[in-house]
**Q** 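Take a look at the following structure, please.
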There are 2 protein chains.
Amino acid sequence: MGIDVRTEFDAYIGSGDVTVDARDVTLLRAIDSEGSLNAATDSLGRSYGHAQQRIVELEAAFGSLVDRQRGGADGGGSELTETADELLAAFDRVQTSFEGVAEVAETVLPGALVERDGELATVETPAGRLRALVPSAGDGTVQLTIPADAVTLHEATTAPVPDTTSARNQFAGTVRDIEGGERIARVAVDIGADDPVLALVTEDSRERLALEVGREVTVSFKATATRGVFD
Amino acid sequence: MGIDVRTEFDAYIGSGDVTVDARDVTLLRAIDSEGSLNAATDSLGRSYGHAQQRIVELEAAFGSLVDRQRGGADGGGSELTETADELLAAFDRVQTSFEGVAEVAETVLPGALVERDGELATVETPAGRLRALVPSAGDGTVQLTIPADAVTLHEATTAPVPDTTSARNQFAGTVRDIEGGERIARVAVDIGADDPVLALVTEDSRERLALEVGREVTVSFKATATRGVFD
DNA sequence: CCGCGTTCTACCGACGACGGACCAACGCTT
DNA sequence: AAGCGTTGGTCCGTCGTCGGTAGAACGCGG
């Protein structure tokens, strides 16, 4: 079911009416490594004029980003300010966060909305009722997506009683498949729905829980991490 | 620490060498609601020519998306195929997934890399050692980001023993602050680092765990959900 | 004083994306 | 046969983005 597609994205960080994109970030990085705006632009094969103008725009929103000095023995040069370093770090963080959701496998479950209270909904699925965030308005059937990196597995015998944890969605299931990565395994757990729930687990955890095909486990995931959209 | 910025994104889904963006999606949605390509384009204030051409491109990658019929009593019309519906649903899912990471609060922790095994790293932080995914290569200090919707809280007394769960990162802490939303509360838990760890929790869970400022809890989050980037 | 390599600023041209206009083909109704 | 509103396809003008070029200012060294 469904069609298979790549999921891609462009990340931005913004302040005021300016938004910084990947292009701006590579420019700043090149300035940092080349030591001058000039060297940076032609190492990137880009025009000096627009790059310089762009930096002025960025600085209007974020404050000083590049310490520029013209004249002098070596003709001058530029280096990044602390603000620029923080900006780059912030961009890296959101970039890798987005990469996370883009690359990580997720399982999508069909379901029917039974109740809705603000953004929080309870949905009836083939595996049972669960709670999820559904941001948009609507009614009827929904598709829930559960990111594999938000699913935690427990030994079936020692599962925490639901009242003592904030992970409300808990289901008993049996391991159907394990794809071992280098250090991270992808475990497919059948919880009674058409498709198994995928869980990302470190190899350590896989050994510690003695995960193998056929083993009974309980899977849990937070309501705030599973998101639904209406069909 | 850090500068405050909006985080934004553009989502795409791709197949072959074609990538579908939000513009394409609104076009398809307009065709669906208007009943014809012509009505769709001028309800959007866009040119027919390019829209038609664009659909041909999309269909080259995804197969038939729009059933077009010209001539007839009403002059003809167009409606979406099942494939197009699936495409729209897929786009909605990735869109809301990205919105999730864009809107959800996250806490960033500084740390020092102590070991690294593939993508999996163990990092020394002010709160103790924890395991995280750090995709890029590098060395030295890192910044870990822990999305609030991936943090689960447990009663301090009945925390599951670490060996029985796949959530490896567990810390004892005390609740510092609670921001009550409509149905979802944001709980800040001090675990010994400079900044508290934020956890997104439903109001139900907040009551059930009797969460209030000063209460002792244990927070846990999966290694595969916390991502690190080098400074 | 001149040379150097940089930053600053402005202008031009190429390219792509898009809207707008146009015409043909279609198929049913009248 | 004429009319209608759609789809199919093409062409042109505009606008924004970007590279390229050119010139001025800067400040230190020779």
Side-chain angles (χ1 to χ4, degrees), chain A residues 10 12 14 17-81 83-84, chain B residues 10 12 14 17-81 83-84:
Chain A
D10 285 336
Y12 310 96
D17 52 354
V18 182
T19 73
V20 182
D21 61 8
R23 188 178 172 83
D24 298 320
V25 168
T26 61
L27 175 61
L28 290 177
R29 287 236 161 76
I31 293 175
D32 190 33
S33 64
E34 299 290 333
S36 89
L37 215 171
N38 226 317
T41 51
D42 64 40
S43 90
L44 293 177
R46 290 166 55 178
S47 73
Y48 177 88
H50 283 98
Q52 191 272 345
Q53 203 168 354
R54 178 60 179 164
I55 288 178
V56 172
E57 289 177 14
L58 295 180
E59 289 188 325
F62 292 96
S64 175
L65 294 178
V66 180
D67 270 338
R68 286 160 283 186
Q69 216 152 17
R70 63 175 158 181
D74 54 354
S78 295
E79 59 180 12
L80 301 188
T81 67
T83 308
Chain B
D10 286 336
Y12 311 95
D17 53 353
V18 181
T19 73
V20 182
D21 61 8
R23 188 178 171 85
D24 298 321
V25 168
T26 60
L27 174 61
L28 289 178
R29 288 237 161 75
I31 294 174
D32 190 34
S33 64
E34 299 291 333
S36 88
L37 216 170
N38 227 316
T41 52
D42 65 39
S43 91
L44 294 176
R46 290 166 55 178
S47 72
Y48 178 89
H50 283 99
Q52 190 270 345
Q53 204 168 355
R54 179 59 179 163
I55 287 177
V56 172
E57 289 176 14
L58 294 181
E59 290 189 324
F62 293 96
S64 175
L65 294 177
V66 180
D67 270 337
R68 288 161 282 187
Q69 217 154 16
R70 64 175 158 181
D74 53 355
S78 297
E79 59 181 12
L80 301 188
T81 67
T83 308

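Chain A is the first sequence line, chain B the second, and so forth, proteins listed ahead of strands; every chain is numbered from 1.
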**Q** For a quick test of reading the model, state the closest non-hydrogen atom pair linking A/Leu37 to A/Ile31 and the distance between them.
**A** CG-CD1, 4.1 Å

**Q** Heavy atoms from C-beta onward define the side chain here; which of C/dC18, C/dT9, D/dG20 lies closest to that of A/Ser47?
**A** D/dG20

**Q** Indicate the atoms forming the closest heavy-atom contact of B/Ser47 with B/Thr41, along with that distance.
**A** O-CG2, 4.0 Å

**Q** Without decimals, in angstroms, what is the distance between B/Arg54 CZ and C/dG19 C1'?
**A** 17 Å

**Q** Distance check, rounded to the nearest 0.5 Å: A/Thr83 atom OG1 versus A/Glu59 atom CD?
**A** 9.5 Å

**Q** Take B/Leu80 and B/Val66 through the test side-chain contact (heavy atoms from CB on, under 4.5 Å) and record every step on the way to the result.
**A** CA-CA 5 Å; B/Leu80 301 188; B/Val66 180; 4.0 Å; yes

**Q** Round to a whole Å and report the spacing from OH of A/Tyr48 to C1' of C/dA10.
**A** 13 Å

**Q** CD of A/Gln52 versus C1' of D/dT21: gap in Å, rounded?
**A** 16 Å

**Q** Yes or no on side-chain contact (heavy atoms from CB on, under 4.5 Å) for A/Asp21 and A/Asp10, after CA distance, side-chain angles and deciding distance?
**A** CA-CA 8 Å; A/Asp21 61 8; A/Asp10 285 336; over 6 Å; no

**Q** Measure from the side-chain N and O atoms of B/Ser78 to the backbone N and O of B/Ser36, and report whether any donor-acceptor pair falls under 3.5 Å.
**A** no

**Q** Assign each of A/Gly77 and A/Gly49 to its nearest nucleotide of DNA chain C by heavy atoms, then name whichever residue's nucleotide is nearer the 5' end.
**A** A/Gly77

**Q** Between atom NE2 in B/His50 and atom C1' in D/dC11, what is the gap in whole Å?
**A** 11 Å

**Q** Apply side-chain contact (heavy atoms from CB on, under 4.5 Å) to B/Glu57 and B/Asp24, showing your working.
**A** CA-CA 11 Å; B/Glu57 289 176 14; B/Asp24 298 321; over 6 Å; no

**Q** What's the spacing between B/Arg54 CZ and B/Arg23 CZ if we round to 0.5 Å?
**A** 9.5 Å

**Q** Whole-Å distance between C/dG16 P and B/Gln53 CD?
**A** 14 Å

**Q** Just the rounded figure in Å: distance from C1' of D/dG9 to CZ of B/Arg68.
**A** 12 Å

**Q** What parts of residues 23-46 of chain B reach DNA chain D, counting only heavy atoms under 4.0 Å away?
**A** B/Ser36, B/Leu37, B/Asn38

**Q** Check nucleotides 26-30 of chain D against the protein and report each pair of N or O atoms closer than 3.5 Å, with its distance, or say if there are none.
**A**
from	atom 1	to	atom 2	distance (Å)
D/dC26	O2	A/Gly71	N	3.1
D/dG27	N2	A/Gly72	O	3.3
D/dG27	N3	A/Gly72	N	3.3

**Q** On the nucleotide D/dT7, are OP1 or OP2 found under 4.0 Å from the side-chain N or O atoms that B/Ser78 carries?
**A** yes

**Q** What's the verdict on side chain to side chain donor-acceptor pair (under 3.5 Å) for B/Asp42 and B/Tyr48, showing C-alpha distance, side-chain angles and the deciding distance?
**A** CA-CA 8 Å; B/Asp42 65 39; B/Tyr48 178 89; over 6 Å; no

